[in-house]
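A, B, ... follow the sequence lines: proteins, then strands. Residue 1 opens every chain.
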Amino acid sequence: MEKQFTSILMKWHKQTNTREMPWKGEPDPYKIWLSEVILQQTRVAQGWQYYTNFIKKYPTITQLARAKDQDVFKLWEGLGYYNRCKNLLFTARQIVNERKGIFPDQYEDILALKGIGPYTAAAIASFAYNLPFAVVDGNVFRVLSRFFGIAEAIDSSRGKALFTEIAGKVLSKKEAGLYNQAIMDFGAVVCKPFSPSCHKCPLQKHCVAFRDGRVNQLPVKEKTLQRKHRWLYYFLFEHDNKLLVHQRTGKDIWQNLFEFYLVESDAGVVWDDKSVKNWLKEQVGISKANLLYVSPLSVQQLTHQQIKGQFIRVRLAAVPVFLKKYQWQPVGSLRKLPFPKFIIQHLESPFLQKSLF
DNA sequence: AACGCGGGGAC
DNA sequence: GTCCCAGCGTT
């Protein structure tokens, strides 16, 4: 069955597959690496523009390594999972400083780099050097679990080990790069998560899940995620045409991105002018403030959290002592800083644009 | 082994 | 609303 799978898949790839992507057939390991990091847990359509932007601004790993953190994060803004960006920069600088800018060409050396796990290492090794390592990503889990009718959970250790083993068996070792491209394209174009195109699938005849009518039951996941609810109230403190900003640190969401003065609470409250004025006076000791606006409620759904909150813009006659330690950013250059989408949405909202006049 | 990390699109 | 996406690092 394994031989059949591989040969049919490769034939499909060479004869039928018309999927185009800017990094396809790319020989430069730097560009392959960049595309793979961008695409971690990210749809091709979403990552596409980010890839072309990065290549345009940083055509070589040396140029990326020499860039300022803030500029690179700005280019990554909106793509999510910002630790990828941090590791991308770290690894670019490491390769430039310690390896003269030359990307490693052995699987183990590639895997050892920060931000590169088993999937990305196999992708780079096979695409750049045609080394015989099989990628195991969401597409591969789905295609293999359906074709071989395997109900082992893909988010368990046993499942991961099992699918990795099978992936290695069906890999075309002579055309590893082509094969890896083939199975991922196939998973994205034919063997899709929802409404797969079984009616025109070249593997249908040998597909166990199709035979048993289990296509929509595979692959199996065992974990169900809980979504945390959070309430974030951002105060846009303004003084002398500058806004208070703050770079997020710690282990929480949006590490390294900027934000405004944050008040977080567990209980959902919707502020209005009156309650904000009272809070500023009673809790913060600001009495001579010009309250410019209290925004309507903003909502953002993330995979692991639901964020709700408001934006409150306050013009200060003077900077209170407890706010002096913060960074004050000129309003005109505010957008040079990387912000989370939750904040970008507000900065671009018609509400804000209107309320400034 | 379990958990946390963004954002968007399809249903 | 739920699920998933060219996964990874940390604990």
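Looking at heavy atoms from C-beta onward, A:F141 lies in side-chain contact with A:K160 at the 4.5 angstrom threshold. The side-chain heavy atoms of A:F258 and A:Q327, taken from C-beta on, include a pair separated by under 4.5 Å.
In this structure, A:N87 reaches the sugar-phosphate backbone alone: every heavy-atom distance under 4.0 Å involves primed, P, OP1 or OP2 atoms, never a base. Using a 4.0 Å heavy-atom cutoff across all strands shown, A:Q226 reaches no nucleic acid atom at all. Here A:S156 lies out of heavy-atom contact (under 4.0 Å) with every strand.
One can place CG of A:L39 at 14 Å from C1' of C:dC4, the figure rounded to the nearest angstrom. Taking atom NZ of residue A:K160 and atom P of nucleotide C:dC8, one finds them 10 Å apart after rounding to whole Å. In this entry the distance linking CG of A:L225 with P of C:dC4 reads 10 Å, nearest Å. Regarding A:K221, its NZ atom lies at a distance of 11 Å from the C1' atom of C:dG7, rounded to whole Å. Protein atom NZ of A:K308 is 13 Å distant from nucleotide atom C1' of C:dG1, rounded to whole Å. A:E222 has its CD atom 17 Å from the C1' atom of C:dC4, to the nearest Å. Rounded to an integer number of Å, the gap from A:R19 CZ to C:dA6 P is 6 Å.
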Which letters describe nucleotides 5-11 of chain B, given B = protein heavy atom under 4.0 Å from base, S = only from sugar-phosphate, - = neither? BBBBB-S
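Among the candidates A:Y82, A:W76, A:F339, the single residue satisfying the side chain to side chain contact (heavy atoms under 4.5 Å, CB included) test with A:L257 is A:Y82. Looking at A:F235, A:F342, A:F260, A:Y293 one by one, the single match for ring pair (Phe, Tyr, Trp, His ring centres under 6.0 Å) with A:F311 turns out to be A:F342.
For A:Y119 and A:Q40, the side-chain atoms include no donor-acceptor pair closer than 3.5 Å. In the model, A:S275 has a side-chain atom that pairs as donor or acceptor with a side-chain atom of A:D272 under 3.5 Å.
The backbone N or O of A:L302 sits less than 3.5 Å from a side-chain atom of A:R227, completing a donor-acceptor pair. Judged by distance alone, the side chain of A:Q310 and the main-chain N or O of A:Y233 form no donor-acceptor pair under 3.5 Å. Remark: the backbone N or O of A:Y30 is paired with a side-chain donor or acceptor of A:D28 at under 3.5 angstrom.
Classified by interplanar angle (parallel below 30°, tilted 30° to 60°, perpendicular above 60°), the ring pair A:F103/A:W33 is tilted.
Nucleotides B:dG4 and C:dA6 are separated by 24 Å at their P atoms, to the nearest Å. Distance noted for atom P between B:dG8 and C:dC8: 22 Å (whole Å). For the P atoms, the distance from C:dT11 to B:dG6 is 15 Å, rounded to whole Å.
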Take A:R230 and A:D252, measure what salt bridge (charged side-chain N to carboxylate O under 4.0 Å, His left out) needs, and give me the verdict at the end. CA-CA 12 Å; A:R230 300 176 73 171; A:D252 201 359; 2.7 Å; yes
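Summary of the strand contacts: A:Q306 and A:L113 both lie near DNA chain C, and taking for each the nucleotide with the nearest heavy atom, the more 5' one is attributed to A:Q306.
Only A:D137, A:G138, A:N139, A:R142, listed by number, bring a heavy atom of residues 134-146 of chain A to less than 4.0 angstrom from any atom of DNA chain C. Of the residues in residues 20-35 of chain A, those placing a heavy atom less than 4.0 Å from an atom of DNA chain C are A:M21, A:W23, in numerical order.
Ring centers of A:Y326 and A:H239: at least 6.0 Å apart, outside the cut-off.
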